[in-house]
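The structure under discussion appears below in the form of structure tokens.
As a basis for the values below, the full set of heavy atoms in this structure was taken, side chains included, without hydrogen atoms, waters or symmetry mates. This structure is a prediction, so every number in the text was calculated from the model and none was measured. We count residues from 1, following the sequence as given.
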Amino acid sequence: MAPPLDDTYRTAMARADVLFCLDAPLDLPSLGPRLRWVQAVGSGVGQFAASHLERGGITLTNAAGVGAPSIAEF
């Protein structure tokens, strides 16, 4: 079950063209009709399956490898 979304969040989603996030709400295409791209913060993207990005023609990209140099140095 997804948490409820307040009016401020719904308004922001309706205006968004791009999201940079860790997770996204369910049925994202209906919440963000202008949305065309979601950039995941991490390398995993399984959490976006329930958002139905493909229904809205929304491109999903991840950040695989972004932390590799700092993790290797650690």
Notebook entry, point to check: By side chain to side chain donor-acceptor pair (under 3.5 Å), which residues pair with Gln47, not counting sequence neighbours?
Noted result: none
Notebook entry, point to check: In Å and rounded to the nearest 0.5 Å, what is the CE to CZ distance from Met13 to Arg15?
Noted result: 12.5 Å
Next item on the list: Could you tell me whether Asp6 atom CG has more than 12 heavy atoms of other residues or ligands within 6.0 Å of it?
Entry: yes
Next item on the list: Run the salt-bridge test on Asp17 and Arg34 with the 4.0 Å N-O cut-off and return the result as yes or no.
Entry: yes
Notebook entry, point to check: Considering only heavy atoms from C-beta outward, does the side chain of Val38 approach that of Phe48 to under 4.5 Å?
Noted result: yes
Notebook entry, point to check: Are Leu35 and Val41 co-members of a hydrophobic cluster defined by side-chain heavy atoms under 4.5 Å apart?
Noted result: no
Notebook entry, point to check: Looking at Gly44 and Ala40, what are the two nearest heavy atoms and their distance?
Noted result: O-CB, 4.3 Å
Notebook entry, point to check: Any side-chain heavy atom of Asn62 within less than 4.5 Å of one from Leu60?
Noted result: no
Note to self: Would the distance check show the side chain of Arg55 and the main-chain N or O of Leu28 forming a donor-acceptor pair, the cut-off being under 3.5 Å?
What the structure shows: no
Next item on the list: Of all the heavy-atom pairs spanning Leu26 and Leu31, show the shortest one and how long it is.
Entry: O-CD1, 3.8 Å
Next item on the list: Quick one: closest heavy-atom pair of Ser51 and Pro25, and the distance?
Entry: OG-O, 2.9 Å
Checklist line | Euclidean distance, Arg10 CZ relative to Leu5 CG, rounded to 0.5 Å | finding: 5.0 Å
Notebook entry, point to check: If you look at every heavy atom in Thr61 and Gln39, which pair is closest and at what distance?
Noted result: OG1-OE1, 2.6 Å
Next item on the list: Taking all non-hydrogen atoms of both residues into account, name the closest pair between Pro29 and Ile58 and its distance.
Entry: CG-CD1, 4.1 Å
